[in-house]
Colleague: 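Attaching a single structure in structure tokens format; questions to follow.
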Amino acid sequence: MTRRKEHLFASELAPHNRINTWLEKVCRSIFLSFTIFGSIAYFPSVYLAYIDGLHDIIILDTAAYVVILIFTFCRRIPLKVKAVGSTALFYVLGIILIYALGPVGAGNLWLLAFSLIGGLTLGEKASVTTLIINILSHLAFILLYKLNLLADYEVVYSEKIWMARTVNFILLNIVIVITNITYIRVNKKILTQSDETRRATIIGLAKLAEYRDTDTGEHLQRIRSFTMNLAELLKSTEKYSDYITDDYVWDISMSAILHDIGKVGIQDDILLKPDSLTEEEFHEIKKHPLYGSDVIGEIEKNIQGRSLYKLGKEIATHHHERWDGSGYPEGLAGEKIPLSARIVALTDVYDALTHKRPYKEAYSTEEAIGIISRERGRHFDPFIVDIFLENKELFEKLSSEMRNGS
């Protein structure tokens with residue numbers, strides 16, 4: 001492999017930072033918690049407000065809880081919108097309750113939640129921003145108190161109470177912000193190191209196959225690019241919008257380069273044969289998915305929880321399965337074939353058709369697209385073929401750019 005190929009290959013596999021995905025998971029957990037525990041607080045609060053004749057509080061609490069329910073169960077609302085919306089909601093609730101009930105009560109709790117949730121769901125800058133907003137808001141309340149512009153409360157709060165509550169609140173808010181930022185940075189470092197480790201492992205495994213075949217490095221670059229773009233297109237469809245995430249796109253594009261890792265177990269005289277294979281030789285070639293499954297399986301079984309190696313194993317094992325069940329090694333059919341393998345099955349064949357191999361010349365992109373179209377519902381998932389054909393100009397462009405080295 002030349003130095004130029006190594007440089008391109010490494011740059012194509014830039015680390016992927018999962019901090020945003022982690023924040024999204026935190027956001028989902030928070031909404032679910034507020035839905036569950038919010039109901040415990042909501043009903044007693046409404047009942048007490050009803051007894052005291054505080055109908056405005058009933059309306060406010062109900063509106064807030066309805067918004068939380070919508071954010072929790074409406075999956076079509078982007079998580080960024082949910083994070084900003086809930087953070088703003090907590091702030092508004094806090095301000096209204098402090099104005100209506102004074103410095104002692106639920107208002108300060110909502111403002112602390114505003115800072116806590118804002119930091120956890122929106123990141124470090126949001127943590128600092130919410131702290132500044134809370135400080136300015138409390139200073140504004142003290143100013144309103146001095147100007148006698150606040151409501152007449154049942155309990156008279158002295159200036160000392162306002163000042164003491166404000167100081168205590170600000171100190172506690174600072175602790176929350178520092179904790180938020182520390183927590184985010186530690187997790188960001190762990191996630192980044194984890195991605196870099198996985199990247200290094202995958203590159204190392206891919207090089208095993210690369211040393212067996214001088215064309216493999218460029219082939220893997222193309223497969224990764226085709227797979228990433230096709231997965232992105234599927235992600236934008238209604239059918240897969242919930243299943244295919246940004247992490248999935250990165251995972252499958254990385255895992256795709258391991259699809260033929262099992263070929264390291266195939267003899268050179270068969271793997272690099274310039275002529276057609278005999279039936280016996282083809283039978284030997286058909287073992288490479290199982291070899292690949294064994295290699296990646298050894299790594300996967302020592303990793304707890306979900307990992308991109310799961311996709312790598314799916315792809316290595318099943319990328320030669322066919323939609324009609326006539327593929328190998330297990331003869332799976334239809335959606336019993338993992339989605340990752342169905343995607344790579346198409347991108348692998350497209351690349352094989354449009355590039356020269358020891359046993360064949362390259363087809364034109366028009367010929368390759370025609371073959372893939374005819375194999376819709378036989379070799380390939382019909383839905384994936386439809387998305388591919390709708391965007392065939394994109395793949396023609398990608399193929400041309402990589403062929404020309406741009």
Colleague: Under the side-chain contact (heavy atoms from CB on, under 4.5 Å) test, which residues partner E284, sequence neighbours left out?
Modeller: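 Once residues adjacent in sequence are excluded, the partners of E284 under the side-chain contact (heavy atoms from CB on, under 4.5 Å) criterion are I266, I270, K287, Y291.
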
Colleague: Could you go through the side-chain contact (heavy atoms from CB on, under 4.5 Å) check for T347 and D351 one step at a time?
Modeller: CA-CA 6 Å; T347 58; D351 183 71; over 6 Å; no

Colleague: Is there side-chain contact between L353 and I369, with heavy atoms separated by less than 4.5 Å?
Modeller: no

Colleague: To the nearest 0.5 angstrom, please state how far the OG atom of S225 sits from the CG atom of L398.
Modeller: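 Nearest 0.5 Å value for the OG-CG distance: 4.5 Å.
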
Colleague: Any side-chain heavy atom of V92 sitting closer than 4.5 Å to one from I96?
Modeller: yes

Colleague: Identify which one of H320, E321, E314 satisfies the side chain to side chain donor-acceptor pair (under 3.5 Å) criterion when paired with H318.
Modeller: E321

Colleague: When S115 is tested against each of N180, T129, T130 for side chain to side chain donor-acceptor pair (under 3.5 Å), which residue passes?
Modeller: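 Result for side chain to side chain donor-acceptor pair (under 3.5 Å) with S115: T130.
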
Colleague: How long is the straight-line distance from OG of S137 back to OH of Y99, given to the nearest 0.5 Å?
Modeller: 14.5 Å

Colleague: Please determine whether side chain to side chain donor-acceptor pair (under 3.5 Å) holds for the pair D247 and T245, giving the CA-CA distance in whole Å, both sets of side-chain angles, and the decisive distance to 0.1 Å.
Modeller: CA-CA 5 Å; D247 277 355; T245 63; 5.3 Å; no

Colleague: Please examine the side chains of L234 and K239, heavy atoms only from C-beta on, and report whether any two atoms are closer than 4.5 Å.
Modeller: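 No, side chains not in contact.
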
Colleague: Which heavy atom in L97 sits nearest to a heavy atom in G107, and how many Å separate them?
Modeller: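 What the structure gives for the nearest pair is CB-CA, 3.7 Å.
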
Colleague: With a 4.5 Å cut-off on side-chain heavy atoms, are H319 and D260 touching?
Modeller: yes

Colleague: Give a yes or no on whether the backbone of P289 and the side-chain of S293 come within a donor-acceptor separation of less than 3.5 Å.
Modeller: no

Colleague: Can you list the residues that meet the side-chain hydrogen bond (donor to acceptor under 3.5 Å, both in side chains) rule with K160, with sequence neighbours excluded?
Modeller: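 None.
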
Colleague: For F380 together with F388, are the ring centres under 6.0 Å from each other?
Modeller: no

Colleague: Is a side-chain N or O of K336 found less than 3.5 angstrom from the main chain of G325, in a donor-acceptor match?
Modeller: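 Flag not set: sc K336 to bb G325 has no pair under 3.5 Å.
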
Colleague: How many angstroms lie between atom NE2 of H379 and atom CD1 of I371, to the nearest 0.5 angstrom?
Modeller: 11.5 Å

Colleague: What distance separates F169 CZ from I174 CD1, expressed to the nearest 0.5 Å?
Modeller: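 F169 CZ to I174 CD1: 10.5 Å, rounded to 0.5 Å.
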
Colleague: Closer than 3.5 angstrom, by distance alone: can the side chain of Y350 be matched with the main-chain N or O of A368 as a donor-acceptor pair?
Modeller: no

Colleague: Donor-acceptor check, side chain of Y363 to backbone of H355, threshold 3.5 angstrom: yes or no?
Modeller: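 No, the answer is negative, given that no donor and acceptor are paired below the 3.5 Å cut-off.
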
Colleague: Over all heavy atoms of both residues, which pair between W323 and P382 is shortest? Give the atoms and the distance, please.
Modeller: CE2-CD, 3.3 Å

Colleague: Could you tell me which non-hydrogen atom of I261 sits nearest to which non-hydrogen atom of G292, and how far apart they are?
Modeller: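 Of all heavy-atom pairs spanning I261 and G292, the closest is CG2-CA, 3.7 Å.
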
Colleague: Taking it one step at a time, do I98 and H138 satisfy side-chain contact (heavy atoms from CB on, under 4.5 Å)?
Modeller: CA-CA 10 Å; I98 290 178; H138 276 74; 4.2 Å; yes

Colleague: If you take all heavy atoms of I257 and M254, which pair is closest and at what distance?
Modeller: CG1-O, 3.0 Å

Colleague: Taking the side chain as every heavy atom from C-beta outward, state whether F114 and I133 have any atom pair closer than 4.5 Å.
Modeller: yes

Colleague: So, the side chain of K313 versus the backbone of I296: is there a donor-acceptor pair under 3.5 Å, distance only?
Modeller: no

Colleague: F90 and W110: aromatic ring centres closer than 6.0 Å?
Modeller: yes

Colleague: Look up atom NZ in K82 and atom CD1 in I70, then write down how far apart they are to the nearest 0.5 Å.
Modeller: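 Spacing of NZ (K82) from CD1 (I70) equals 10.5 Å.
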
Colleague: Please round to the nearest 0.5 Å and tell me the distance separating atom CG of L111 and atom CG of L116.
Modeller: 12.5 Å

Colleague: Does F395 reach the side chain of L346, with side-chain heavy atoms less than 4.5 Å apart?
Modeller: no

Colleague: Parallel under 30°, tilted from 30 to 60°, perpendicular over 60°: which one fits the rings of F141 and W162?
Modeller: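 Rings of F141 and W162: parallel, as their planes differ by under 30°.
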
Colleague: Search all heavy atoms of A256 against all heavy atoms of V344 and return the closest pair with its distance.
Modeller: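 Minimum heavy-atom separation between A256 and V344: CB-CG2, 4.0 Å.
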
Colleague: Testing the basics here: between L233 and T237, what is the closest heavy-atom pair and its distance to 0.1 Å?
Modeller: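 Between these two residues, the closest heavy atoms are O-CG2, 3.5 Å.
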
Colleague: Are the side chains of H288 and I285 in touch, meaning some heavy atoms are under 4.5 Å apart?
Modeller: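 Counting from C-beta outward, H288 and I285 do come under 4.5 Å.
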
Colleague: I'd like to check N173 versus L112 (side-chain heavy atoms, cut-off strictly below 4.5 Å). Are they in contact?
Modeller: yes

Colleague: Run the numbers on L339 and I244 for side-chain contact (heavy atoms from CB on, under 4.5 Å), then give the verdict.
Modeller: CA-CA 10 Å; L339 175 62; I244 299 180; 4.0 Å; yes

Colleague: Yes or no on side-chain contact (heavy atoms from CB on, under 4.5 Å) for L122 and K80, after CA distance, side-chain angles and deciding distance?
Modeller: CA-CA 8 Å; L122 298 173; K80 190 80 170 181; 4.3 Å; yes

